[in-house]
Colleague: 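Okay, here's the structure, questions in a sec.
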Amino acid sequence: MLNTATAAVAAPPVTAAKRLMLSVNNIEVVYNDVILVLRGLSLEVPEGEIVALLGANGAGKSTTLKAISGLLKTEDGEVTRGDITFNGERINGIDPDQIVRKGIFQVMEGRRIIADMTCLENLRLGAYTRRDNGVKDDLDMVFSYFPRLKERTGLAGYLSGGEQQMLAIGRAMMARPKLILMDEPSMGLSPLMVKEVFSIVQQINRDLGVTILLVEQNARMALQAATRGYIMENGKVVLDGTAEELRNNEDVKEFYLGGGNEERKSFKNLKSFKRRKRWI
Amino acid sequence: MTLFLQLLVNGVIVGALYGVVAMSFVLIYKASRIVNFAQGEFLLIGAWTCWWLLTSWHLPFWIGFPITLVFMLVFGVILQVVVLRPMIGEPIISVIMVTIGLSIVFQAAMKWMFGVFAKPFPPIFASPTTNLFGLEVQTVYVVSLGISILIMAGFGWFFKYSRTGLAMRATAFDQQVAQSLGISVRRMFAMSWAISAMVSAVAGVTVGVVNGVSSALSIFGIKVFPAVILGGLDSVIGAVLGGLIVGVLENVAQYVDSQWLNWGNMYEIAPFYVLIAILMIKPYGLFGTKDIERV
Ligand SMILES: Nc1ncnc2c1ncn2[C@@H]1O[C@H](COP(=O)(O)OP(=O)(O)OP(=O)(O)O)[C@@H](O)[C@H]1O
Ligand SMILES: [Mg+2]
């Protein structure tokens, strides 16, 4: 039923269909040497899938993504325990620019496009690590996904929020990564734009075969797009399963998908909640 | 009137050189937010290196000059890696003190190695002066103007179209984002120092060919301040214009002084008066962006 592939870390399964791409194993993350944010978090991302990572504000979702992409280093954070394995290789402690070269690309929370450059320059920077000559074709491909970006020739800082999100996703596509870590792509967008963003996320997953680890506040949309999901609270995973299981889970319904009374503030208070220890 | 025109042309030519040095100063500031007080010494080191290659090794200019440029590239990288990289994360004031220290050390080292007297370059151009629109101008100045324009165009191209140039701009904009794109920020820092040292050396050699090489060359490092502050610390175009303004101002002030005021050497610091006046009206410089404090 639930994803129980933790045992597979020692010997990655060879079955092509469900090959593990990323496995985060019981990591602990500390900021500034004192602030403990992740307390034994584990998750797994099979190749070719969209995996959703959900949780309340401050649960540590962005921290998890930064631990994987190595960007934690730029914020004085450190993985102090556990390990992160990408395609069988341990990657914790590696510099973020090297991790991009291994094929992991993070689309950070809040778009973070380079405001004083044009769309085209932003996109070309996405392909910074590439040396092949397919960059020009990929520019055309990105523009075919986002025709609006082609019309905007001014500075990216003047784009609308939705357009900036498109640019941020397009920039990630330009890197031709194997895995995209996407942090709240729907943040601050209108419902219509949210739909568009999610359909594009699914499209690039399908068309380009990119694996996606998707952090979201919009649980409903995320669990529709994803094949499986993790729910985290206070720096730990408290529930996981296929997207369908999570969608039908009473607690998730109540807590994330709306409905139910407002009293319950945490999964800890839920009777039916079965805490799964992922310590090995 | 001819004198005035002559001074104006001189102003533009020298101003273009100021602009080049100011650009290389801004390059370091933009990439790493370091105010480099040793910029003038880059001119000095470049000029002495070239002079040494030409006089001691009797290399022709067209061989000695490129070797100088390569040397300065390497020198810039080593300086950044050995001295400035360990300073990353230290307070800005400490880093500034380090660059001031570097400037003093380089000055002393150059005097120790090459003496305190100005030494002329061996003649490089067949005819020392050229006629430019009816004005007698030193050939090397005409060539220097050409080189300045070339460097400026090169900078423009580099930052607009080259992969590394874009990466440097990204680093200047937001280091975390740059890293998320796969850019090695450390490498960008080293490169900004390397390019800055090399470009300054071009200006140093040019001035050295005209006036001879002496520690007076590092005055350029001081003149750069009114230029970049006029233009805005983080604007490359502003640096060029600031340099031009300073160059012209100096020469116009000299003219005004010689015709009417006769105050003596006061014209030397004329740009600083204007600098203060402009900063009172536009605290971020003429082209600076207001969020200059962004980290
Ligand atoms: N650079 C940092 N230094 C210190 N503490 C940090 C840092 N970044 C995050 N934290 C802390 O870590 C905890 C988790 O933060 P994180 O950004 O990972 O949460 P999140 O799940 O992404 O929340 P949100 O949904 O609001 O984006 C928070 O309590 C936050 O204050
Ligand atoms: Mg977050």
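Naming convention: chains lettered A, B, ... in sequence-line order (proteins, then strands); numbering from 1 in each chain.
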Colleague: Identify which part of A/Met117 has an atom lying under 4.5 Å from any heavy atom of chain B, answering side chain, backbone, both or neither.
Modeller: both
Colleague: Does the A/Arg124 side chain pair with the main chain of B/Tyr161, one donor and one acceptor, at a distance under 3.5 Å?
Modeller: yes
Colleague: Crowded around A/Arg130 CZ? As in, over 12 foreign heavy atoms under 6.0 Å?
Modeller: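 Buried by this count: over 12 neighbours within 6.0 Å.
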Colleague: Let's go through A/Thr74 and B/Gln176 carefully: what are the C-alpha distance in whole Å and the side-chain angles of both, what is the deciding distance for side chain to side chain donor-acceptor pair (under 3.5 Å) to 0.1 Å, and is it a yes or a no?
Modeller: CA-CA 6 Å; A/Thr74 64; B/Gln176 193 183 33; 3.1 Å; yes
Colleague: What part of A/Glu75 lies closer than 4.5 angstrom to a heavy atom of chain B: side chain, backbone, both or neither?
Modeller: side chain
Colleague: Which bit of A/Asn122 is near chain B, if near means a heavy-atom gap under 4.5 Å: side chain, backbone, both or neither?
Modeller: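 Interface part for A/Asn122: neither.
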Colleague: How many angstroms lie between atom CZ of B/Phe159 and atom CD of A/Glu121, to the nearest 0.5 angstrom?
Modeller: 12.0 Å
Colleague: Just give me the residue among A/Ala175, A/Ala115, A/Gly126 that pairs up with chain B most often, heavy atom to heavy atom, under 4.5 Å.
Modeller: A/Ala115
Colleague: With rounding to the nearest 0.5 angstrom, report the OG to CG distance, B/Ser180 to A/Leu65.
Modeller: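 The CG atom of A/Leu65 is 12.0 Å from OG of B/Ser180, to the nearest 0.5 Å.
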Colleague: B/Gln179 and A/Pro96: which non-hydrogen atoms are nearest, and at how many Å?
Modeller: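 Shortest heavy-atom separation between B/Gln179 and A/Pro96 comes out as NE2-CG, 3.7 Å.
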Colleague: I'd like to know if A/Asp97 and B/Arg187 make a salt bridge, using a cut-off of under 4.0 Å between side-chain N and carboxylate O.
Modeller: no
Colleague: Please state whether the side chain, the backbone, both or neither of A/Phe105 comes within less than 4.5 Å of a heavy atom of chain B.
Modeller: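 Interface part for A/Phe105: side chain.
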Colleague: Does atom CG of A/Asn133 have more than 12 heavy-atom neighbours, drawn from other residues, nucleotides or ligands, at distances under 6.0 Å?
Modeller: no
Colleague: Which heavy atom in B/Phe173 sits nearest to a heavy atom in A/Ile113, and how many Å separate them?
Modeller: CE2-O, 3.7 Å
Colleague: Which atom pair, heavy atoms only, marks the closest approach of B/Ala170 to A/Ile114?
Modeller: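 Of all heavy-atom pairs spanning B/Ala170 and A/Ile114, the closest is CB-CD1, 3.4 Å.
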Colleague: Mind checking the CG-CE spacing from B/Leu181 to A/Met174? Nearest 0.5 Å is all I need.
Modeller: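 Atom-to-atom, B/Leu181:CG and A/Met174:CE are 11.5 Å apart.
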Colleague: Can you tell me how far apart CG (B/Asp174) and CZ (A/Arg112) are? Round to the nearest 0.5 Å.
Modeller: 4.5 Å
Colleague: Rounded to the nearest 0.5 Å, what separation is found between the CG atom of A/Leu125 and the CZ atom of B/Arg169?
Modeller: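 Reported to 0.5 Å precision, the distance equals 8.0 Å.
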Colleague: What residue in A/Lys73, A/Arg171, A/Lys66 has the most heavy-atom pairs under 4.5 Å with chain B?
Modeller: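 Sorted descending by pairs with chain B, the first entry is A/Arg171.
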Colleague: Contact between B/Arg163 and A/Val135 at the side-chain level, heavy atoms closer than 4.5 Å - yes or no?
Modeller: no
